[in-house]
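FYI, side chains are in, hydrogens and waters are out, and symmetry mates aren't considered; it's all heavy atoms of this structure.
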Amino acid sequence: TLDQPRVNTFSTPVIEDFIGALEMLKTKNEVKVLVITGEGKTFLAGADIKELSGFGPEDAKRFAELIHSSLELVEAFPRPVIAAVNGFALGGGCELVLACDIVIASEAAVFGQPEINIGIIPGAGGTQRLPPRVGRMRAKELIFTGRMVPANEALAMGLINKVVPGEKLLEEAIELARVIASKPVQCIERCKTLIDSGTPAKEIEAFARMFTYEDRKRLMGDFLKKKR
């Protein structure tokens, strides 16, 4: 849970803490699904503009490299990552959403890449991850205008998976996490890798490898017993 006083933002210390948490969690085999959410009215309102206002080009480069590293860790997390978006997901917050595998949003959630309104551009992967998600033309519109998008419109354009009432957000996200966590972890891990960066040859190899696991034998056996 992102939980800062007043508004959740990404400052250098917060990003460093976030990276540390991700590095720790990815080593824990008992963590089968990661759910990321925010406290209060924001999921993540983007970068800390007060910090950015004092940057020169080299400072900005270091900051962008750091935030890219954090979201690459989210994207490359070995098991599924669900974003439970409770409120504003703007700038780096929208880019964090784009790095997650599945996105459930409350009816109050708002998404956008408004960086152009303060004289900068997306610096945490927005120009790279948004076009494949919503299409190039729509991504250009959102980035060129800085327009903010309500949850239902975000759902219609394919930016997120589902919209739920705010009071049910965490319940829905955790229930989905439980369903995914109940499946064979080797299947989940391999499917995530193949969807993100696979090839037909890699899929064939991974499919064959599934036949080395006891889960496959047990689950196929259970299926066949039910068919009798």
Exercise for review: Would you indicate whether Gln128, at its atom CD, is surrounded by more than 12 heavy atoms from other residues, nucleotides or ligands within a distance under 6.0 Å?
Suggested key: no
Point to revise | Flag if over 12 foreign heavy atoms under 6.0 Å of CZ, Arg218 | key: yes
Review point. So, Gln186 and Asp215: side-chain donor and acceptor under 3.5 Å apart, yes or no?
Key: yes
Check your understanding: Is it true that Glu153 and Arg147 have a side-chain N and a carboxylate O under 4.0 angstrom from each other?
Key -> yes
Check your understanding: Is Met157 atom CE crowded by more than 12 heavy atoms from other residues, nucleotides or ligands, each under 6.0 Å away?
Key -> yes
Review point. Would you say Val85 and Ile104 make side-chain contact, with heavy atoms under 4.5 Å?
Key: no
Check your understanding: Do the non-hydrogen side-chain atoms of Ile160 and Ile102 ever get within less than 4.5 Å of each other?
Key -> no
Review point. What's the spacing between Lys41 NZ and Asn86 CG if we round to 0.5 Å?
Key: 12.0 Å
Revision key, fill the gap. Here the ring-ring contact (aromatic ring centres under 6.0 Å, His included) pairs for residues 155-207, sequence neighbours left out, are Phe207-Phe211
**Study point:** Glu75 side, atom CD; Cys100 side, atom SG - distance, nearest 0.5 Å
**Key:** 9.5 Å
Revision key, fill the gap. One should read off an interatomic distance between Thr12 OG1 and Glu51 CD, to the nearest 0.5 angstrom, of 3.5 Å
Exercise for review: Could you grab the distance from atom CE of Met210 to atom NZ of Lys217, nearest 0.5 Å is fine?
Suggested key: 15.0 Å
Review point. Would you say the side chain of Ile121 lies within less than 4.5 Å of the side chain of Ile116, judging by non-hydrogen atoms?
Key: no
Practice item. Measure the shortest side-chain to side-chain distance between Leu66 and Ile19 over non-hydrogen atoms and say whether it is less than 4.5 angstrom. Key: yes
Check your understanding: Hey, what do you get for CD (Glu95) to OG1 (Thr127), rounding to the nearest 0.5 Å?
Key -> 8.0 Å
Point to revise | Pairwise side-chain contact, Lys192 with Phe77, heavy-atom cut-off 4.5 Å (strictly under) | key: yes
Exercise for review: Give a yes or no on whether a salt bridge exists between Arg190 and Glu203, defined as a side-chain N under 4.0 angstrom from a carboxylate O.
Suggested key: no
Check your understanding: Mind checking whether Val31 and Leu2 sit in one hydrophobic cluster, side chains of I, L, V, M, F, W, Y counted as touching below 4.5 Å?
Key -> yes
Practice item. Report yes or no: do Val14 and Leu22 belong to one cluster of Ile/Leu/Val/Met/Phe/Trp/Tyr joined by side chain heavy-atom distances under 4.5 Å? Key: yes
Check your understanding: Within a strict 4.5 Å, meaning less than it, do heavy atoms of the Phe111 and Phe88 side chains meet?
Key -> no
Exercise for review: Look at the side chain of Arg79 and the backbone N and O of Lys26, then say whether any donor-acceptor pair between them is shorter than 3.5 Å.
Suggested key: yes
Review point. Is there a chain of hydrophobic side chains (I, L, V, M, F, W, Y, each step under 4.5 Å between heavy atoms) that links Val149 to Val97?
Key: yes
